[in-house]
2 protein chains.
Amino acid sequence: MRLSTRGKYGLYAMHYLAQHEHEGPQSLSRIASVGIPKQYLEQLLGSLRRNGLIHSVRGANGGYQIAKPSEEITVLDILDAMEGPLALSDCIADDRCCAKATKCRVRHTWERLTVNINRELASVSLKDML
Amino acid sequence: MRLSTRGKYGLYAMHYLAQHEHEGPQSLSRIASVGIPKQYLEQLLGSLRRNGLIHSVRGANGGYQIAKPSEEITVLDILDAMEGPLALSDCIADDRCCAKATKCRVRHTWERLTVNINRELASVSLKDML
DNA sequence: CGATACCATAGTAATCTGGTCGGGTATCAG
DNA sequence: CTGATACCCGACCAGATTACTATGGTATCG
Ligand code: SF4
Ligand code: SF4
């Protein structure tokens, strides 16, 4: 089970933005300098913005900054924004996907693991990483 | 972040085999009857066998059985066999993948999360699911 | 105005997923 | 011995996803 580059790049970018939290907007080019293809990163920053994790300033001297203080942004927030929520089985979100949903022991396992893994991811904030 | 059908089917199959632990070898067809395409499942059972989680009996009346008692097989074992080990970043397994590996804070985060998520997955055994 | 820098959509090559197909080989019942 | 059963194995394939690239916009500053 691997993490895609979206998740990794997303976290690297957020880490960079957290490091420069009080230095005004950081341009795409600056963020990309940690080793991410510029135009690809541009898409990813779009996802982060639409999920309310960063906000952007257009025009000359524009760029991106984190939308909340770094202690309020967790790895879970970032991964959910970049890769969609953790879904071990479809029946977690939607009861109707499987006939035996109510009495299924496997489902109970997926449910428990999903909750615990999410809690783990939410236990690390950007601030913790600095 | 989603789990592929390999992981899901693998766990369903192992769950079935654990339920019939002392009833002799269970044929592919029987296992597949929980709702998995037969020929696809055959591949998956091959992976499980090569990873030592099940063993097989050939010939008429043959089939598959779990290779260890159900309390010694965890969800982690199964998912690792089916999807490869959890790898949030390549630098966890291989120090040399990145120049700044030794002093990187992000890496420390991936490392901690990997350990904790694996522990979570290892905390549920097949027996727990019955 | 014009340079800077974000925004949005579309295209694309390579890889991965979720299978199917065909031809083996081992074992047992009769 | 022979045939039926049932695992073994590699190749193939369509469709989705990934990781980008390309192009043309739009907002803002000086
Ligand atoms: S079999 Fe169980 S875990 Fe799988 S989809 Fe149905 S309810 Fe969910
Ligand atoms: S930047 Fe850090 S986390 Fe990423 S590959 Fe390098 S050492 Fe690992």
Side-chain angles (χ1 to χ4, degrees), chain A residues 1-13 16-17 20 23-67 79 81-84 87-90, chain B residues 1-13 16-17 20 23-67 79 81-84 87-90:
Chain A
M1 203 169 31
R2 314 196 45 183
L3 196 64
S4 73
T5 60
R6 283 179 65 87
K8 290 191 225 177
Y9 288 169
L11 186 55
Y12 296 159
Y16 181 94
L17 289 179
H20 302 85
E23 301 172 26
Q26 301 291 312
S27 76
L28 178 64
S29 305
R30 278 177 146 286
I31 307 173
S33 69
V34 303
I36 307 174
K38 247 174 89 168
Q39 301 192 100
Y40 187 37
L41 177 61
E42 198 167 7
Q43 291 178 31
L44 308 188
L45 290 172
S47 297
L48 290 170
R49 181 176 50 83
R50 281 184 289 276
N51 279 80
L53 298 181
I54 60 179
H55 74 88
S56 60
V57 183
R58 297 177 74 152
N61 301 323
Y64 301 87
Q65 358 183 214
I66 54 181
L79 259 38
M82 301 310 296
E83 317 224 358
L88 295 182
S89 186
D90 302 327
Chain B
M1 202 165 38
R2 316 195 43 182
L3 197 63
S4 73
T5 59
R6 284 181 64 86
K8 289 191 227 176
Y9 288 169
L11 186 55
Y12 295 160
Y16 182 93
L17 289 179
H20 302 86
E23 301 171 26
Q26 299 293 310
S27 76
L28 178 63
S29 304
R30 278 176 147 284
I31 307 172
S33 70
V34 301
I36 308 175
K38 248 175 90 167
Q39 302 192 95
Y40 187 38
L41 178 61
E42 198 167 8
Q43 291 178 34
L44 308 187
L45 290 171
S47 298
L48 290 169
R49 181 175 50 82
R50 282 185 289 276
N51 279 81
L53 298 181
I54 59 179
H55 77 89
S56 59
V57 183
R58 296 176 75 152
N61 300 325
Y64 302 88
Q65 18 192 306
I66 54 181
L79 259 37
M82 301 309 297
E83 316 224 357
L88 295 181
S89 185
D90 302 326

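Atom CD1 of B:I31 is separated from atom P of D:dC8 by 11 Å (rounded to the nearest Å). Summarising the geometry, the separation between NE2 on A:H55 and P on C:dA5 is reported as 17 Å, rounded to the nearest angstrom. Rounded to whole Å, the distance from CD1 on B:I36 to P on C:dG18 is 13 Å. Computed from coordinates, the B:L44 CG to C:dT20 C1' distance equals 13 Å when rounded to whole Å. Taking atom CZ of B:R49 as the reference point, atom C1' of C:dA26 lies 13 Å away to the nearest angstrom. What separates CE of B:M82 from P of C:dT17 is a distance of 11 Å, to the nearest Å.
At the phosphate of D:dT5, neither OP1 nor OP2 sits under 4.0 Å from any side-chain N or O atom of B:R30. In this structure, A:R50 reaches the C:dA8 phosphate: one of its side-chain N or O atoms is under 4.0 Å from OP1 or OP2. Checking the phosphate oxygens (OP1, OP2) of C:dC7, a side-chain nitrogen or oxygen of A:S56 falls inside 4.0 Å.
Within the nucleic acid shown, A:G63 comes within 4.0 Å of sugar-phosphate atoms alone, with no base atom in reach, counting heavy atoms only.
Screening B:L45, B:I36, B:I31 against B:Y9 for a side chain to side chain contact (heavy atoms under 4.5 Å, CB included) leaves a single residue, B:I36.
For the pair A:Q65/A:Q26, no side-chain contact is recorded, criterion being any heavy-atom separation below 4.5 Å from C-beta on. When side chains are defined from C-beta on, B:Y40 counts as touching B:T5, because their heavy atoms get closer than 4.5 Å.
Atom CD of B:Q43 is separated from atom CE of B:M82 by 9.0 Å, given to the nearest 0.5 angstrom.
Taking A:R58 as the reference, nothing meets the salt bridge (Lys or Arg N to Asp or Glu O under 4.0 Å) condition, with sequence neighbours excluded. A search for salt bridge (Lys or Arg N to Asp or Glu O under 4.0 Å) contacts involving B:R49 returns nothing, not counting sequence neighbours.
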In 5'-to-3' order, the base (B), backbone-only (S) or no-contact (-) status of each nucleotide in nucleotides 18-30 of chain D, using a 4.0 angstrom heavy-atom cut-off, is -BBBBB-BBBBSS
